[in-house]
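Only heavy atoms go into these numbers, but all of them, side chains included; no hydrogens, no water, no symmetry mates.
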Amino acid sequence: MRLGSETAYHKAHENWEALLHEKGAGEISYARELFALADTFAATPALTAALEDAARPADDRAALAANVLGTKTSGEVKDLVVGLARERWSESGDLVQVLEQLGVQTLFAGAEREHQLEAVESELYSMRAVLATEQDLRSALSDPQYPVEVRRELLTAVLKERSHYSEELFDRALAHTPQMSLRASFTSYIDAVGERSQHLVASVTAAIPLTQEQENRLTNVLSRQFGKDVQIHTTVDPEVIGGVKVLVGSYVIDGTIASRLSAVKEVFKNGR
């Protein structure tokens with residue numbers, strides 16, 4: 001999102017977090033409402049365009065939002081959306097994206113309140129690691145021919161022990177397929193929870209498990225390089241042969257032997 005929409009999001013997020021802190025409960029219910037509204041607005045582009053139309057007075061946009069929502073949503077979520085309708089949006093569809101982000105952050109707020117945020121981050125990473133290595137599972141979970149309920153049961157069988165907040169995020173990721181890949185959804189959640197916890201998340205792939213000393217050394221190196229605390233999650237993949245691959249956001253450090261062999265093959269291929 002561009003500056004105008006980012007400003008609107010941060011303003012709404014700050015006020016919403018204060019309200020959630022005051023309420024001290026109900027985050028899952030609020031998140032479900034926000035996700036449902038995001039889906040509704042995404043499916044009705046004419047309505048979303050009207051709510052984002054800077055040519056219309058802010059009061060008119062707010063009145064439209066209030067009229068559309070009526071008594072279908074809680075007073076808290078209704079007030080939030082009416083406030084968002086008053087904001088200026090940089091690009092079409094940013095309102096939907098903000099509702100989605102606020103829904104995710106609402107679940108994180110609940111997990112944080114119950115001291116489960118670290119567990120949620122670990123569960124998200126574990127699921128993303130499974131999806132990275134199990135292609136058949138990834139395909140089945142992403143196949144829209146199967147109802148979401150069926151795919152949810154399959155996901156439950158894979159990772160039985162998880163918090164209620166992780167379960168809500170898993171369901172949301174399933175609902176987003178095939179518009180957004182499951183791995184992309186989980187990556188966005190992991191990045192968001194890392195930002196909330198004020199640390200970067202480094203995804204490390206190695207041929208064999210790292211020792212505690214190696215993990216500590218790598219954590220220190222990455223923290224110095226990025227100037228921020230870094231939490232690493234390691235996935236073992238024998239196909240990388242040797243070395244490690246580190247992914248921090250969009251920044252990639254690929255020191256695996258498999259990557260070097262691939263580069264050599266490409267040189268020979270292009271040199272023919």
Single-linkage hydrophobic cluster, 4.5 Å side-chain cutoff, [X] and [Y] together:
X	Y	answer
Y30	F35	no
L34	I28	no
Y9	L19	yes
V98	V68	yes
V120	V104	yes

Euclidean distance, [Y] [atom2] relative to [X] [atom1], rounded to 0.5 Å:
X	Y	atom1	atom2	value
L117	L107	CG	CG	11.0 Å
E112	E27	CD	CD	10.0 Å
W16	L102	CH2	CG	8.0 Å
L80	N15	CG	CG	9.0 Å
I232	L218	CD1	CG	5.0 Å
R183	I190	CZ	CD1	10.5 Å

Only pairs at least two apart or in different chains count here, so list each salt bridge (Lys or Arg N to Asp or Glu O under 4.0 Å) that has a residue in [range].
range	value
residues 47-59	D59-R86
residues 69-85	K23-E76
residues 202-224	E213-R217

What I'd like to find out is whether the side chain of [X] reaches to under 4.5 Å of the side chain of [Y], using heavy atoms alone.
X	Y	answer
H176	E100	yes
T73	V81	no
L47	L64	yes
V158	M127	yes
L37	L69	yes

> If you draw a 6.0 Å radius around CD in Q214, do more than 12 non-hydrogen atoms from other residues or ligands fall strictly inside?
Replying inline: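 Correct, the count exceeds 12.
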Nearest heavy atoms of [X] and [Y], plus distance in Å:
X	Y	result
S166	S163	N-OG, 3.1 Å
S142	L182	OG-CD1, 3.6 Å
G4	S90	N-OG, 3.2 Å
A206	V244	CB-CG1, 3.8 Å
R162	L155	NH1-O, 3.8 Å
T106	A31	CG2-N, 3.9 Å

Next item on the list: Enumerate the residue pairs fulfilling side-chain hydrogen bond (donor to acceptor under 3.5 Å, both in side chains) with a member in residues 127-136, sequence neighbours excluded, ordered by first and then second residue.
Entry: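 Those involving residues 127-136 are R128-T187, R128-S203.
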Once ring-ring contact (aromatic ring centres under 6.0 Å, His included) is applied, do any residues pair with Y165, and if so which ones, sequence neighbours excluded?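 Partners of Y165 under the ring-ring contact (aromatic ring centres under 6.0 Å, His included) test: none.
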**Prompt:** Mind checking what makes ring-ring contact (aromatic ring centres under 6.0 Å, His included) contact with F186, not counting sequence neighbours?
**Reply:**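 If we apply the ring-ring contact (aromatic ring centres under 6.0 Å, His included) test to F186, skipping adjacent residues, the hits are F170.
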TODO: Could you tell me whether R172 and D39 have a side-chain N and a carboxylate O separated by less than 4.0 Å?
DONE: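 Looking at D39 together with R172, the answer is yes, because their closest N to O distance falls below 4.0 Å.
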Is the backbone N or O of [Y] less than 3.5 Å from a side-chain atom of [X], with the two atoms forming a donor-acceptor pair by type?
X	Y	answer
E33	S74	yes
S122	E118	no
S5	R2	no

Could you list the residues that satisfy side chain to side chain contact (heavy atoms under 4.5 Å, CB included) with [X], not counting sequence neighbours?
X	value
P147	E149, V150
E87	A8, K11, W89
R151	L141, Y146, V148, L174, T177

Inset, instruction - Test side chain to side chain donor-acceptor pair (under 3.5 Å) on H21 and E17 and set out the steps. - result: CA-CA 6 Å; H21 181 74; E17 287 278 341; over 6 Å; no
Please identify each residue that fulfils side chain to side chain donor-acceptor pair (under 3.5 Å) with [X], with sequence neighbours left out.
X	answer
D143	none
Q101	none
E167	none

Exercise for review: Have a look at V246 and tell me which of L222, V221, T205 forms a side-chain contact (heavy atoms from CB on, under 4.5 Å) with it.
Suggested key: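 Result: among L222, V221, T205, L222 is the only option passing the side-chain contact (heavy atoms from CB on, under 4.5 Å) with V246.
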Take E6 and H10 through the test side chain to side chain donor-acceptor pair (under 3.5 Å) and record every step on the way to the result. CA-CA 6 Å; E6 283 282 357; H10 288 300; 3.2 Å; yes
